[in-house]
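To start, the structure itself, in structure tokens.
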Protein chains: 2
Amino acid sequence: MTGSSAGDLPPPPYRAGEKPRRSLGREAIAREALRIIDAEGIDAVSMRRVAAAFDTGPASLYAHVKNKEALLRLAFDLALEELEPVPVAADDWQAVMLRWSLGVHEMLQRHNDIAKLTFAHIPSGEAMLESTERVLGLMIGAGVPPQVAAWSLDILSLYIGADAYEGWLFGQQFGTDDPVEAEAFFGGIKDYFASLPADRFPYIVGNVAALMEGGGEERFRFGLDMFIAGIASTITR
Amino acid sequence: MTGSSAGDLPPPPYRAGEKPRRSLGREAIAREALRIIDAEGIDAVSMRRVAAAFDTGPASLYAHVKNKEALLRLAFDLALEELEPVPVAADDWQAVMLRWSLGVHEMLQRHNDIAKLTFAHIPSGEAMLESTERVLGLMIGAGVPPQVAAWSLDILSLYIGADAYEGWLFGQQFGTDDPVEAEAFFGGIKDYFASLPADRFPYIVGNVAALMEGGGEERFRFGLDMFIAGIASTITR
DNA sequence: CGTCATTACGAACACTGTTCGATACGGAGC
DNA sequence: GCTCCGTATCGAACAGTGTTCGTAATGACG
């Protein structure tokens, strides 16, 4: 792994004023937070819990991190760094965009409910900036109007994060590891839909299967494909 | 300690003289929670706060509501009820869908950060069921494959909720009422983008305006239009 | 040596959601 | 009239939370 605190780039706005003090502090703390997120989820991250990993109290963290919110953002940035960079020489922007989206989605799923931190995150961190730059360039180069390209990137990020978060919430409702209970949960919803009066809700009752099937990766892929196709349709030639 | 009967302490604190006992019922509690959400946001809703509106303690609520989570869901369902029903006689499904989406979006924005409760909510409540039934019927009737229609409704709901939530978060970052601070916030991001090395990030630096402009209603409408057009393109004839 | 900013951290504050146990009350049965 | 019971009420407390304060230790610089 390269130097983790490479500093060619200006620091993101929320880090303005923080000192790049050399101490085993900030990065180690953020990494511990990410570890807890992976193992037990965001709600398990508390200042006391993180501090306990260093055999100290919560007050010790505030010398390195302004907030709990800042700590979580740091942990999120850490997770962002493990995204594969978008290949430089690629030219098929639709394939690149699809692949990049799936990569982000997978990364979010790898880190438990970290998708919750996705919202309202201005892209920051080198990896994210480079991906944005590359995909933006590919789209504009292919003839997508810049405004459309910019908005599309926003919406795409929103969609990826929201789907990953919803997916986690769904997996939370039943034990993901217990297929029996999972079936009971899904079966319950299914039965509820099916039990509706068919004269008032004919389409719901008649399409219970379609409403329930493929709620996971398949649906995500469908939305992705349709969205990318929509972007492509804005190219005027 | 048995000291409770040490002296003649006859006055029952709450029942003294008059009966301030409000009709503490489930609906009243949920309505108060929604009122607090509207006024100060979800994080301001605490059991003590809600209970205080009825001049009592938090324990009193648990006779009517299982959880704080259940309380919030009740409040959310209350907000859902104020959605206008989808007109029965409509036939242009794209117009209906657009109008319905905008209506939901507006409702979410009316209720502060209530969009946070959108995720992983299986459509429940009569209003939501009827909307689902109607829009589903319109799409399928127009030739949209049932699976596409079902997925589209899911994704559409996800998009509406996520955009509303992100919009609230953005409005939270700066005081919505203080345009000076707002400008400072946006200016900060803008400057950060603009300060990136132009040789490494030419497209970001060259499209700062497009990346920042119209982050609100305009972008939401754009995504909506594109998504609906995408659904329409799946109709085979 | 002293100076001084940075880091460490015990203690405390003001909260949070939730549970327990003891009350009070409205009706049903006698 | 009366007891009896299930429900409603709610003070008190528990185990947490994020954060601040004051103080002690640390280490670089002159």
Side-chain angles (χ1 to χ4, degrees), chain A residues 5 14-33 36-37 40-76 113 116-117 172, chain B residues 1-30 32-33 36-37 39-76 113 116-117 172:
Chain A
S5 57
Y14 57 84
R15 279 191 203 162
E18 290 186 20
K19 56 262 145 159
R21 267 271 167 266
R22 60 92 113 290
S23 68
L24 320 224
R26 194 161 62 202
E27 163 132 3
I29 291 175
R31 207 163 287 279
E32 172 63 17
I36 298 177
I37 291 176
E40 305 174 44
I42 289 183
D43 288 345
V45 176
S46 77
M47 302 306 268
R48 281 169 178 80
R49 183 90 154 66
V50 173
F54 299 96
D55 288 314
T56 182
S60 305
L61 304 182
Y62 285 84
H64 306 271
V65 159
K66 178 172 170 284
N67 249 348
K68 186 192 181 182
E69 190 190 330
L71 169 58
L72 288 178
R73 189 156 42 195
L74 247 35
F76 182 74
D113 57 344
K116 208 187 300 189
L117 303 177
Q172 202 67 2
Chain B
M1 54 182 68
T2 63
S4 52
S5 58
D8 47 352
L9 194 57
Y14 51 92
R15 183 70 180 93
E18 226 196 350
K19 180 188 234 174
R21 206 165 268 181
R22 312 269 199 283
S23 61
L24 188 67
R26 191 157 59 202
E27 162 132 5
I29 292 176
E32 173 64 18
I36 297 177
I37 291 177
E40 304 174 45
I42 288 183
D43 289 345
V45 177
S46 77
M47 302 306 267
R48 282 169 177 79
R49 183 90 155 64
V50 173
F54 299 96
D55 287 316
T56 181
S60 305
L61 304 182
Y62 285 84
H64 306 271
V65 160
K66 179 174 169 284
N67 249 346
K68 188 193 180 182
E69 187 189 331
L71 170 58
L72 289 178
R73 186 156 41 197
L74 282 172
F76 182 73
D113 57 345
K116 209 187 299 190
L117 305 177
Q172 202 68 3

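Throughout, protein chains are lettered first and strands after them, A, B, ... in sequence-line order, and every chain is numbered starting at 1. Please read all numbers here as calculations on a predicted model, not as lab measurements.
The side chain of A:Ala63 lies closest to C:dA8, out of C:dA8, D:dA8, C:dA11. Closest contact between the side chain of A:Tyr62 and the listed nucleotides D:dT9, C:dC9, D:dG18 involves D:dG18. Counting only heavy atoms from C-beta on, B:Asn67 has its side chain closest to C:dT18 among C:dT18, C:dG10, D:dA12. The side chain of A:Ser60 lies closest to C:dC9 when the candidates are D:dG18, C:dC9, C:dT16.
A:Asp113 places no side-chain N or O within donor-acceptor distance of the main-chain N or O of A:Gly41, the cut-off being under 3.5 Å. With hydrogens and angles disregarded, no donor-acceptor distance shorter than 3.5 Å links the side chain of B:Lys66 to the backbone of B:Leu71.
Within the 4.5 Å cutoff, side-chain heavy atoms of B:Asp43 are placed close to those of B:Lys116. Side-chain contact between B:Phe54 and B:Ile29 is present, with heavy atoms from C-beta onward closer than 4.5 Å. Considering only heavy atoms from C-beta on, B:Leu72 stays 4.5 Å or farther from B:Asn67 through its side chain.
Distances shown here put every side-chain N or O of B:Thr56 at or beyond 4.0 Å from the OP1 or OP2 atom of D:dT9. The side chain of B:His64 places no N or O atom within less than 4.0 Å of a non-bridging phosphate oxygen (OP1 or OP2) of D:dT7.
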Can you pull every protein N or O that's under 3.5 Å from an N or O on nucleotides 22-25 of chain D?
none

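When all heavy atoms of B:Ala51 and B:Gly57 are compared, the closest pair comes out as CB-O, 3.1 Å. In plain terms, the two heavy atoms of B:Leu61 and B:Met47 that are nearest each other are CD1-O, 3.4 Å. Between A:Arg48 and A:Pro58, the shortest heavy-atom distance links the atoms CG-CG, 3.8 Å.
Separating the CG atom of A:Leu71 from the C1' atom of D:dG18 is a distance of 12 Å, rounded to the nearest angstrom. Rounded to an integer number of Å, the gap from A:Ile36 CD1 to D:dT17 C1' is 14 Å. The distance from atom CG of A:Leu61 to atom P of C:dA8 is 9 Å, rounded to the nearest whole Å. Straight-line distance from the CG atom of A:Leu72 to the C1' atom of D:dT17: 13 Å, rounded to whole Å. A:Phe54 has its CZ atom 15 Å from the P atom of C:dT7, to the nearest Å. Between the NZ atom of B:Lys68 and the C1' atom of C:dT19 there is a distance of 17 Å, given to the nearest Å. Atoms NZ (A:Lys66) and P (D:dT19) sit 9 Å apart, rounded to a whole Å.
Scanning residues 43-51 of chain B for heavy-atom distances under 4.0 Å to DNA chain D yields B:Arg48.
For A:Arg49, the salt bridge (charged side-chain N to carboxylate O under 4.0 Å, His left out) criterion is met by A:Glu40, not counting sequence neighbours.
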